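Excluded from the calculations below are hydrogen atoms, water molecules and symmetry mates; all remaining heavy atoms, backbone and side chain alike, are included. Convention: sequence-line order gives letters A, B, ...; per-chain numbering from 1. Because the structure is a prediction, the values reported are computed rather than measured.
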2 protein chains.
Amino acid sequence: MEDQVRWLTTQEQASWRAYLRGTRLIATALDEGLTRHGTRLTEYEILSMLSEAPDGRLRMSALAQLVVQSRSRLTHTATRLERLGWVQRHAVREDRRGVELSLTPAGRAKLEELAEVHVSDVRRILIDRLTPEEFEALGHAMTRVVDSIDVTEGDC
Amino acid sequence: MEDQVRWLTTQEQASWRAYLRGTRLIATALDEGLTRHGTRLTEYEILSMLSEAPDGRLRMSALAQLVVQSRSRLTHTATRLERLGWVQRHAVREDRRGVELSLTPAGRAKLEELAEVHVSDVRRILIDRLTPEEFEALGHAMTRVVDSIDVTEGDC
DNA sequence: GGAATATGATTGAACTCTCAACAGTTCTCC
DNA sequence: GGAGAACTGTTGAGAGTTCAATCATATTCC
């Protein structure tokens, strides 16, 4: 077996710890902001993706990949959002297994309300605490990771 | 009210999107690695913090803050870990409200097993996908955010 | 053409997390 | 010194998530 683990250097460990704690703090703070308006970040992401989709619609599985949720989880969440009247399911013509999701007018209105809250929270909690260069570097690093993982996983 | 939201620039939005998706992908991948060994990242963090505590013990509330979990959540998780035989509760002499948590020998053994898995996963999934400079920049940015938030929140 | 395999989405039960309420203890301050 | 406020940790119920199984449809390939 691969018996020699390359442990983290002190430097690496510090970075990794900061990453872990930071992401948790940020997620918690953002969730809190949205919770006061009756949603969670994970639900917000779904609404947001739908609003930006070419046709205003997305297949369940495509959406699940975009927001990094299991199909099962998305099914449950979509049902909840549907009951709230924010999204709507549609059959897919070309593939009768498929289901597409779209925003309802009420969902779009809600999203607009939430977006204001969310964007100012993102600034207050993350962007404003860094210099533009630092935030840019953060974005760059995360982009590289995302692209690299997408290539690795997307080898279906 | 604050009526003019400063929306994100294209650049900012790209960074924020990458951050969101990246953190989710990383969290999912790391969790998957640990799940194969019977744990979650959130539980691993608890074990890890305990192992590094000065006396090998931490107060529930201090631990909760370290791993960014609610006290309630930590209570439940600690109960679970206790049932697994990995941690142990202790009364606190000086403060009779208090409870301290520590690793059992079995918990320490388990942690050592998990640490190998986890560290190689962190390298494979995050560190190795970036140049040392990029990872360093990521750590730097997150450190700044964490410190800044700790100052803001820690104004008890 | 049709059996075997793969894919898309859902289901329900088990598990985990959240939220509000509570009980016990310590602190504050008149 | 004692009432009120604040803090610590737990509890239980409800809400959300995971996991494995299932159903329906598409694709593959003999």
Exercise. Let me have a per-nucleotide readout for nucleotides 14-19 of chain C, 5' to 3', with B, S or -, counting only protein heavy atoms under 4.0 Å.
Key: --SSBB
Exercise. Decide whether A:R57 and A:S102 meet the rule of one side-chain donor and one side-chain acceptor closer than 3.5 Å.
Key: no
Exercise. Nearest whole angstrom, please: distance from the C1' of C:dT10 to the CZ of A:R83.
Key: 14 Å
Quiz item: Closest nucleotide of DNA chain D for B:D95 versus for A:Q69: which of these residues is on the 5' side?
Solution: B:D95
Quiz item: For the pair made of CZ in A:R59 and P in C:dT7, what is the distance, rounded to whole Å?
Solution: 13 Å
Quiz item: Is the shortest side-chain N/O distance from A:R96 to OP1 or OP2 of C:dA9 below 4.0 Å?
Solution: no
Quiz item: If you measure from the Lys or Arg side-chain nitrogens to the Asp or Glu carboxylate oxygens, is any gap between A:K110 and A:E113 under 4.0 Å?
Solution: yes
Practice problem: Look at the side chain of B:Q13 and the backbone N and O of B:T10, then say whether any donor-acceptor pair between them is shorter than 3.5 Å. | Solution: no
Practice problem: Indicate whether any N or O donor in one side chain lies under 3.5 Å from an N or O acceptor in the other, for A:T143 and B:R17. | Solution: no
Practice problem: Rounded to the nearest angstrom, tell me the gap between atom CG in B:L101 and atom P in D:dG9. | Solution: 10 Å
Exercise. Round to a whole Å and report the spacing from CZ of A:R89 to P of C:dG8.
Key: 16 Å
Practice problem: Using heavy atoms to find the nearest nucleotide of DNA chain C for A:T79 and B:R93 separately, return the residue whose nucleotide is more 5′. | Solution: A:T79
Practice problem: Taking salt bridge (charged side-chain N to carboxylate O under 4.0 Å, His left out) as the test, write out the residues that go with B:E136, two or more places apart. | Solution: none
Self-check item: Name of the residue among A:R123, A:H118, A:R124 meeting side chain to side chain donor-acceptor pair (under 3.5 Å) with A:D121
Solution: A:R124
Can you check nucleotides 2-6 of chain D for protein contacts, nitrogen or oxygen pairs under 3.5 Å, and list what you find?
none

Self-check item: Backbone N/O of B:T35 and side chain of B:T39: donor-acceptor pair under 3.5 Å
Solution: no
Practice problem: Let me know the distance between CD of A:E94 and C1' of D:dT27, rounded to the nearest Å. | Solution: 16 Å
Quiz item: Can you check the A:I46 CD1 to C:dA9 P distance for me, whole Å?
Solution: 14 Å
Practice problem: Would you confirm whether A:D31, through its side chain, and A:L41, through its main-chain N or O, come within 3.5 Å as a donor-acceptor pair? | Solution: yes
Quiz prompt | Protein-nucleotide distance (A:L63, atom CG; C:dG8, atom P), rounded to Å | solution = 14 Å
Quiz item: Looking across every strand, which nucleic acid part, if any, lies under 4.0 Å from B:R71 by heavy atom: base, sugar-phosphate, or nothing?
Solution: base
Practice problem: Could you tell me whether A:S61 contacts a base, only the sugar-phosphate backbone, or nothing, with contacts defined as non-hydrogen atoms closer than 4.0 Å? | Solution: sugar-phosphate
Quiz item: How close or far is atom P of C:dG8 from atom CZ of A:R57, stated in whole angstroms?
Solution: 18 Å
Quiz item: Side-chain heavy atoms under 4.5 angstrom apart, residues restricted to Ile, Leu, Val, Met, Phe, Trp, Tyr: same cluster for A:L50 and A:L84?
Solution: yes
